[in-house]
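A short write-up of the structure that comes next.
Each ligand, and each atom within it, is numbered from 1 in the order the structure gives. What you are looking at is a predicted structure, and each value in this text was computed from that prediction instead of being measured. Residues take their numbers from the sequence shown, with the count starting at 1. Computed over heavy atoms, backbone and side chain alike; hydrogens, waters and symmetry mates excluded.
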Amino acid sequence: MYILGIEATAHTFGAAVLAVSGTKKRILANVRDMYKTKQGGLIPVKLAEHHEAVCAAVLTKALAEARVTMQDIALIAVSNAPGLGHALKAGVIFARSLALLHKKPIVGVNHCIAHLEVASLITSARDPVLLYCSGANTQVIAYDGGKYRIFGETLDIGIGNFLDTFARKLGIGFPGGPIIETFAEKGAQLITLPYSVKGMDVAFSGILTYLERKVLGRYSREDICFSVQETVFAMLVEVAERAMAHCDKDELVLGGGVACNKRLQAMAQIMCEDRNARCFIPPNNLLLDNAAMIAWTGWLMHTKGGVSDDPRTLATHPYERTDDVRVTWR
Ligand code: ATP
Ligand code: FE2
């Protein structure tokens, strides 16, 4: 069966076609078009305008790459939570229109849960702890008693937003994470920064203020980026390890765009080796916002969990939390 996934929770509009047959699963197309800015933050209305402008072309490209037509699609999955209201609406209205026009079943997917479920699409992880580090979200998640529970999270901004905001202050553009990574590779001196772990939670805004007031302009960009990465990634890996110990789980999966970072990946791998656990890292195109993870989660929810939504009324939920969703498909 062919599943069409649509992703539009934030800056990326994506369309993907996934083929599932028995235990075989293949991503036939995973097309993304990302809204980028040189300066300033993401303006929600502009995101919606971007998604409306590219949605038809992205869908056409995905169908062509997969060599299927809308007639072949058996299910439409769309991310309807959480995210920026305008962006979410653009994606959901597009998916609802497709479902009504082509008379297809539709299912609304929580974007954060999709970042987690993608692990079961391409790895052999069975019951992992997820270190989910993206733009807006930073959470340590694990399955327990019918829900994906959040064991630790950021108390203020997401790790990606922290990196992007800091990159703007350094004047190196958006998205800042990958550029910080390049500078960090050439850094050597570890500048002491605030280390902000509170129990199972982390916080970044104090580090941002400290960087602005005490660090910027006093050290090289390379050393600053190196120290930022060493400090904040150590914080993330520490809370992930604590969750693994607490839940007695021996698998870790990385998720979200910041998990593309090679230094974060290396630190997570070292931690897992130390505790005889396995570390799973999906490829970059499945770590960043993408529609293949939405298609896969939609398939799980629909076929294993019996979830189905009404294409005339499927709503968006900008503030839905990971642990608001009852997991019926495991
Ligand atoms: P969310 O999933 O919470 O809605 P999002 O959609 O912004 O957030 P993703 O697409 O998963 O998140 O990730 C985007 C973030 O990943 C950006 O903040 C970007 O700077 C960061 N990022 C991408 N590549 C890297 C890298 N190599 N190192 C560090 N950060 C990175
Ligand atoms: Fe995301």
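Between the side chains of Tyr148 and Gln139, no donor N or O sits under 3.5 Å from an acceptor N or O. Side-chain contact, His50 with Asp33: a donor N or O sits under 3.5 Å from an acceptor N or O. There is a side-chain donor-acceptor pair under 3.5 Å between Trp296 and Ser120.
Which parts of ligand 1 touch His11 is read off a 4.0 Å heavy-atom cut-off, strictly below it: atoms 5 (P), 6 (O), 7 (O), 10 (O). Within ligand 1, the atoms closer than 4.0 Å to a non-hydrogen atom of Tyr132 are 1 (P), 2 (O), 3 (O), numbered from 1 in the order shown.
Of the options Met34, His111, His115, the smallest heavy-atom separation from atom 4 (O) of ligand 1 is shown by His111. In this structure, of Gly158, Cys133, Ser134, the residue bringing a heavy atom nearest to atom 1 (P) of ligand 1 is Ser134. The option from Thr165, Ile159, Asp164 that lies nearest to atom 20 (O) of ligand 1, judged by heavy atoms, is Asp164.
Distances from ligand 1 to the non-hydrogen atoms of Gly83 include no value under 4.0 Å.
No salt bridge links Arg67 with Asp72; every basic N to acidic carboxylate O contact stays at or beyond 4.0 Å.
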Result block: side-chain N/O donor-acceptor pairs under 3.5 angstrom for residues 172-191, not counting sequence neighbours:
{"from": "Glu181", "atom 1": "OE2", "to": "Lys262", "atom 2": "N", "distance (Å)": "2.7"}
{"from": "Thr182", "atom 1": "OG1", "to": "Pro178", "atom 2": "O", "distance (Å)": "3.0"}

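Considering both main-chain and side-chain atoms, Ala136 comes within under 3.5 Å of ligand 1 through a nitrogen or oxygen pair.
Nearest N, O or S atom of Asp289 to the Fe ion (ligand 2): atom OD1.
With sequence neighbours left out, His111 forms a side-chain hydrogen bond (donor to acceptor under 3.5 Å, both in side chains) with Glu7, Thr9, His115, Asp289.
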